[in-house]
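The figures here come from the full heavy-atom set of this structure, side chains too, leaving out hydrogens, waters and symmetry mates. As the structure is a prediction and not an experimental result, all values here were calculated from the model. In the text below, chain A, chain B and the rest are named by the order of the sequence lines, each starting its count at 1.
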Amino acid sequence: MDGIILAIESSGDGGGAAVLRGGEVESQVEVSGPRRHGSELMPCIDKACLDAAINRGDMDVIAVNCGPGSYTGLRIGLATAATLGFALDKPVVGVPCFDAMVLQYVMADDFDVELKRELWPVLDARRDEVMTARFEYDNGVFTRATGDMLVPPETLHEQAARQAIVFGGGVAPYAAKFNKDHLHVDEGEFGLKPGSVALAAYRQLADIDDAGKIERKLVQPRYFRRVLAKTIEERAGEV
Amino acid sequence: MLVLGIETSCDDTAVALVENGQKILAGGRASQEKIHAQYGGIVPEVACRVHYETLMPLVQKVCTDSGKQLSDIDAVAVTNQPGLVGSLYVGLSSAKALAWALGKPLVTVDHIEAHIYAAHLHDPELDYPHVSVVVSGGHTDIFLSTGPTEHKLITRTLDDAAGECFDKVAALLGIGYPGGPAVQMTSLGGDREAIKFPRGEAGPDGLQLSFSGLKTAVLNDLRKRGFVIEAQRNAGRLITARAPETPVPKSETRTLSVKLPLADIAASFQEAAVDILVRATLAATRKVRCRAVVLCGGVAANKRLREVMAAACKAQKNTGFHAAPLNLCTDNAEMIAGLGFHKLVIGQIASLDADVLPNKDEKRQKAETA
């Protein structure tokens, strides 16, 4: 689909909005710092549209990072995207966080595609666990090989190929826990850009020739964990 | 002017279309009560998810019900304080997106001020100033109101909100959640004088409000009757009394042994709670020399409170009494759209970078009192 995509990223500390047209990121506006999505996401969207010289109703698709990531951040992004889609009568698509992270990672100048290494983007899921997914090299691109999973960082290597690259915001809190004999742990800072969400959406929609054919449904968030609260019945069962 | 109101500050998702701050064209509310009842209290995480899933269908519903198009809306008003942070964000994010997409102004509204406005929505003749009594699950505040957005705190509860006290006592008696309607229902036919629960200290100026003592008195009464009080696991959100011979219950919300005079206890408790509220309200009117009282918030739906407060106002120099209509006592979006209109008229338009103020209430507590 070669139309205009408005992308929203609010799953982590940074984020903002980007406008993509014809496969190219035309504008990208980021929030000023952590926990600023609530106030700044909408101004970012406004400015991204202004910078790309598009009007409110000009986008064909609204794309939003649907997680995993910060609960509050995702909620803000999803509520914003769903409402824009409703009010402007546009389809909304959810972009899984790890797909956008991998795309951004492999597009960096210093990344060597030819090493064909397995990729494991990681996010801190707290409680001594990371959330991650495996991406494999496949004919010039990296494709997802697993669903999102919760893994203790010290056992991640058991599922990964030798020299698999582990990167992302979940590296720093557990840097000492990954098995570095087995894995290549990239300790560099990683902040997901709204433009990467736009590009991931563009890729996700590659096979669709018309935005009108995209199914209209509420994008469901992909959280780290389900609700921790227990019902009265569940608590009673623990006696 | 047509204002769309959005309210998501706690566990009710509500949307309404109100014309010129007065005429309700359509209103929709999706209560999450049944969902949270399974947990014995509000789970913020669950509340957010339900707000997200419910909000747009509700906007669609009020448009359909009123025969209006989205493009007919002149402004979007939304609660941005106080409340549960995640819940507030769902409403504010949606309101911003809607206002931006429609190219219309955004107005942010204080939930408490909106509760007070609910009485004005019902009665356009109602004039300022008046003493406003806001009683709900989260608040028990008495203000001197001199305008739609001008409220000076006179007094407020030192501990539990009145509605919270109803919830806790209802849990204790095992009569269900939320506590307000449960206590009211159970009290029917009960003797209000059966148990003389304490009304607490009124303080030198009669303004002191406290409900934790009353809750403890109910607890002690049950103990005297030989009931075992179990602090429940999981933060003790629910405490339920249990007759000593009964086994540990599977669900804490089951009905207690029939031996307990539930109607008398509920009626006596309700009477005490009402007395505390009425006493402080009358003291407040005397303090600020105001002869009009507005009663609002979820607990204002309590029939006995309305009855006693009306009579007490009349008896005190014929003080005027106005209660928000029953359907606008609990959280609703009509009041948000109504107050939003007034803020719009005086030019209090929010910018796109507006944020939520979940604890605004605490700041207000420190503010100068009337």
Asks: For the interface with chain B, which of A:L218, A:T80, A:L41 has the highest count of heavy-atom pairs at distances below 4.5 Å?
Replies: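 Maximum pair count with chain B is reached by A:L218.
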
Asks: For A:R216, I'd like to know if atom CZ has over 12 heavy atoms of other residues, nucleotides or ligands within 6.0 Å.
Replies: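 Yes, CZ of A:R216 has more than 12 neighbouring heavy atoms, counting only those of other groups under 6.0 Å.
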
Asks: What part of A:D46 gets within 4.5 angstrom of chain B, counting heavy atoms only: side chain, backbone, both, or neither?
Replies: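 It is both, since atoms from each part get that close.
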
Asks: Give, as side chain, backbone, both or neither, the part of A:T72 having an atom under 4.5 angstrom from any heavy atom of chain B.
Replies: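 Side chain only.
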
Asks: Could you tell me which non-hydrogen atom of A:G38 sits nearest to which non-hydrogen atom of B:D355, and how far apart they are?
Replies: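 For A:G38 versus B:D355, the nearest heavy atoms are C-OD1, 4.2 Å.
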
Asks: Of the backbone (N, CA, C, O) and the side chain (C-beta and beyond), which part of A:V31 lies under 4.5 Å from a heavy atom of chain B, both, or neither?
Replies: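 For A:V31, no heavy atom lies under 4.5 Å from chain B.
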
Asks: Do A:H37 and B:Y89 have side chains that get closer than 4.5 Å, going by heavy atoms?
Replies: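 Counting from C-beta outward, A:H37 and B:Y89 never come under 4.5 Å.
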
Asks: With a 4.5 angstrom heavy-atom cut-off, is it the side chain or the backbone of B:V90 that approaches chain A, or both, or neither?
Replies: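 Both parts, heavy atoms under 4.5 Å.
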
Asks: To the nearest 0.5 Å, how far apart are CD in B:E45 and CZ in A:R75?
Replies: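 The CZ atom of A:R75 is 4.5 Å from CD of B:E45, to the nearest 0.5 Å.
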
Asks: Is the closest side-chain heavy-atom distance between A:L74 and B:Y52 below 4.5 Å?
Replies: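 No, side chains not in contact.
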
Asks: Side chain of B:K96, backbone of A:S39: donor and acceptor closer than 3.5 Å?
Replies: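 At least one qualifying donor-acceptor pair exists.
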
Asks: For the SG atom of A:C44 and the CG atom of B:L352, what is their distance to the nearest 0.5 Å?
Replies: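 Answer for the SG-CG pair, A:C44 versus B:L352, is 10.5 Å.
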
Asks: Mind checking the CZ-CG spacing from A:F86 to B:L70? Nearest 0.5 Å is all I need.
Replies: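 Going from CZ on A:F86 over to CG on B:L70, the span is 4.5 Å.
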
Asks: Is any side-chain heavy atom of A:M42 closer than 4.5 Å to a side-chain heavy atom of B:D353?
Replies: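 A:M42 vs B:D353: side chains apart.
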
Asks: If you count every heavy atom of other residues, nucleotides or ligands that lies below 6.0 Å from A:M149 atom CE, does the total exceed 12?
Replies: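 Counting other residues, nucleotides and ligands, CE of A:M149 exceeds 12 neighbours.
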
Asks: Identify the heavy atoms of A:A79 and B:S93 that sit nearest to each other, and give their distance.
Replies: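 In this case the closest contact between A:A79 and B:S93 is CB-CB, 4.0 Å.
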
Asks: Side chains of B:M56 and A:T83, heavy atoms from C-beta outward: is any pair under 4.5 Å?
Replies: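 Answer yes - side chains close enough.
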
Asks: Would you compute the distance between atom CD of B:E53 and atom CG of A:L78 and round it to the nearest 0.5 angstrom?
Replies: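 Output value for this atom pair is 11.0 Å.
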
Asks: Heavy-atom count check: over 12 atoms from other residues, nucleotides or ligands less than 6.0 Å from A:Q159 CD?
Replies: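 Counting other residues, nucleotides and ligands, CD of A:Q159 exceeds 12 neighbours.
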
Asks: State whether the number of non-hydrogen atoms from other residues, nucleotides or ligands found under 6.0 Å of A:R144 atom CZ is greater than 12.
Replies: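 Enclosed: over 12 neighbouring heavy atoms sit under 6.0 Å from CZ of A:R144.
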
